[in-house]
Asks: 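Encoded as structure tokens, here's the structure I'll be asking about.
Numbered from 1 within each chain, the chains take letters A, B, ... in sequence-line order.
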Amino acid sequence: MPSVHALFSLKYSGVPATYPLYISFSSQPILYSYFRSSCSWRVRIALALKGISYDLVPVNLLKDGGQQFSAEFKAVNPMQQVPALKIDGITLSQSLAIIHYLEDTRPNPRLLPQDLKKRAQVRMIADHIVSGIQPLQNLSILKQMGEKKMEWAQNCIASGFQGTAHCCDLLLIAALAVQLVVSQKLFCFCRFKVDMGPYPTITRINKALLELEAFKVSHPSRQPDTPAELRA
Amino acid sequence: LQFLKCLLFIYFRSSCSWRVRIALALKGISYDLVPVNLLKDGGQQFSAEFKAVNPMQQVPALKIDGITLSQSLAIIHYLEDTRPNPRLLPQDLKKRAQVRMIADHIVSGIQPLQNLSILKQMGEKKMEWAQNCIASGFQGTAHCCDLLLIAALAVQLVVSQKLFCFCRFKVDMGPYPTITRINKALLELEAFKVSHPSRQPDTPAELRA
């Protein structure tokens, strides 16, 4: 299981986090994450599924004008994006690029199908979901995802869903991506009114996935930077 | 089935479509092209006929090896996995991750044709980073090393919409001489020329090269 301990208490400190002064004596990867960011959660899930231990540094995307824009964080990740993963001497952002790197370098257990056509279909769904999710501030984009695209995702997943919580790898990364879009609403972190009535399959997948240890331990309600009132 | 040409559904001015056309050209893959107009008839991608081809109702869509794929980067990855020569992605896994990061960064910031505000929101800050990242590796030649190719490809398509005057956005390229230079160099490559929006079957006469 990943060791998830906060290294800086950013919530209450008026002092900017001094990222460059963080000296790690362990060779564990470092994940810069925001508790409620679906992109951050996506990476936490992948790390948990692969059993990769990491240190977690919270970055609040709303406070101080967005801590990802601080000079300190820019020194860590010039792309000024969260999640960011410091691993093997490089720093990566973009959740799917990070997940692909983990898949390439730590292949067991696999998240992507071995079959190249199925792998392409999973990538297609994941890209479809991720390209439709905009920064936290951009409500209109998530609304624009609309029922039509969710309906397709549901149909696509439904055609392969075996009725078990342990999705076959064909669906895993796609379900992962879909689940995170959906979970924002189901977990009541949401600010959007997505009616899940037409999508019982997605609801069922979400429920099943939330039973998995990797999804529980990485949940936004259980992060070092989760505010007390939202903590599980 | 390998002898059958693939079928690419595209819109001439769509940067996502152009991206796939470039990849197919770079890999020397023959294809038949079916234009789908994203603006006419309420968007031809939403027609019942096209839905039968691609239930995701998205363009570009590639019918290949018995399946239909959409999402330009998913398509490009499939081509890379199944037709590996010549390679578009670096062999080195760290460099490959960095290229994917840049490509995803560009693609996640590009919205449907109707959504002007999103492309504007990409803003100078992100373009500046892309420029710096590419500049750090650019060798001064039109034939980019593979490390940069797919990233340059993605960046170029964002930029070229403005440079080719298909644009509707006022992006000041003044601060980004490196991106401008890359774009100019890439447009000299045959794969980029033959796939250019000005040379497609559905390019309107007034925009044709």
Side-chain angles (χ1 to χ4, degrees), chain A residues 39 68-69 74 77-81 84-85 87-107 112 114-135 137-138 140-141 144-145 148-149 151-153 155-156 159 174, chain B residues 16 45-46 51 54-58 61-62 64-84 89 91-112 114-115 117-118 121-122 125-126 128-130 132-133 136 151:
Chain A
C39 306
Q68 71 277 26
F69 299 122
K74 189 173 183 176
N77 179 20
M79 289 189 82
Q80 301 184 292
Q81 290 179 341
L85 183 66
I87 186 170
D88 302 339
I90 59 171
T91 299
L92 294 172
S93 53
Q94 293 295 322
S95 60
L96 293 184
I98 294 172
I99 291 172
H100 272 107
Y101 180 74
L102 297 176
E103 184 77 347
D104 284 346
T105 57
R106 282 103 171 134
L112 284 174
Q114 292 282 73
D115 178 88
L116 295 177
K117 291 179 187 178
K118 289 180 180 176
R119 184 181 299 186
Q121 289 165 326
V122 169
R123 278 180 169 142
M124 171 175 71
I125 295 172
D127 283 357
H128 174 63
I129 298 288
V130 170
S131 69
I133 299 176
Q134 282 307 105
Q137 298 85 344
N138 205 321
S140 63
I141 298 306
Q144 275 185 50
M145 277 202 77
K148 196 174 284 187
K149 295 182 182 181
E151 178 190 342
W152 165 251
N155 290 339
C156 195
S159 70
Chain B
C16 307
Q45 73 275 27
F46 299 121
K51 190 173 182 176
N54 177 21
M56 288 188 82
Q57 301 184 291
Q58 291 178 340
L62 182 65
I64 186 171
D65 303 340
I67 59 171
T68 300
L69 293 172
S70 55
Q71 293 295 323
S72 59
L73 293 184
I75 293 171
I76 291 172
H77 272 108
Y78 180 74
L79 298 177
E80 183 78 346
D81 284 346
T82 56
R83 283 103 171 134
L89 284 174
Q91 291 282 73
D92 178 88
L93 296 178
K94 290 179 188 178
K95 290 179 179 176
R96 183 181 300 186
Q98 290 166 326
V99 168
R100 278 180 170 143
M101 172 175 70
I102 295 170
D104 283 357
H105 173 63
I106 298 289
V107 169
S108 69
I110 298 176
Q111 282 307 107
Q114 299 83 346
N115 205 321
S117 62
I118 297 305
Q121 275 185 51
M122 276 202 76
K125 196 174 285 186
K126 295 182 181 180
E128 180 191 339
W129 166 251
N132 290 340
C133 197
S136 70

Asks: Considering residues at least two apart in sequence or located in another chain, which fulfil the side-chain hydrogen bond (donor to acceptor under 3.5 Å, both in side chains) criterion with A:Asp104?
Replies: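 side-chain hydrogen bond (donor to acceptor under 3.5 Å, both in side chains) list for A:Asp104, sorted by chain: B:Arg100.
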Asks: Please give me the minimum heavy-atom distance between A:Asp88 and B:Lys94, naming the atom from each residue.
Replies: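 Here A:Asp88 and B:Lys94 meet closest at O-NZ, 2.6 Å.
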Asks: Got a second to check how far A:Ser95's OG is from B:Met101's CE, nearest 0.5 Å?
Replies: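 If we round to the nearest 0.5 Å, A:Ser95:OG and B:Met101:CE are 12.5 Å apart.
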Asks: Tell me, for B:Leu93 versus chain A, whether the close heavy atoms (under 4.5 Å) come from the side chain, the backbone, both or neither.
Replies: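 Both the backbone and the side chain of B:Leu93 come within 4.5 Å of chain A.
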Asks: I'd like to check the side chain to side chain contact (heavy atoms under 4.5 Å, CB included) partners of A:Ala120; sequence neighbours left out, ordered by chain and number.
Replies: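 Only B:Leu69, B:Tyr78 meet the side chain to side chain contact (heavy atoms under 4.5 Å, CB included) criterion with A:Ala120.
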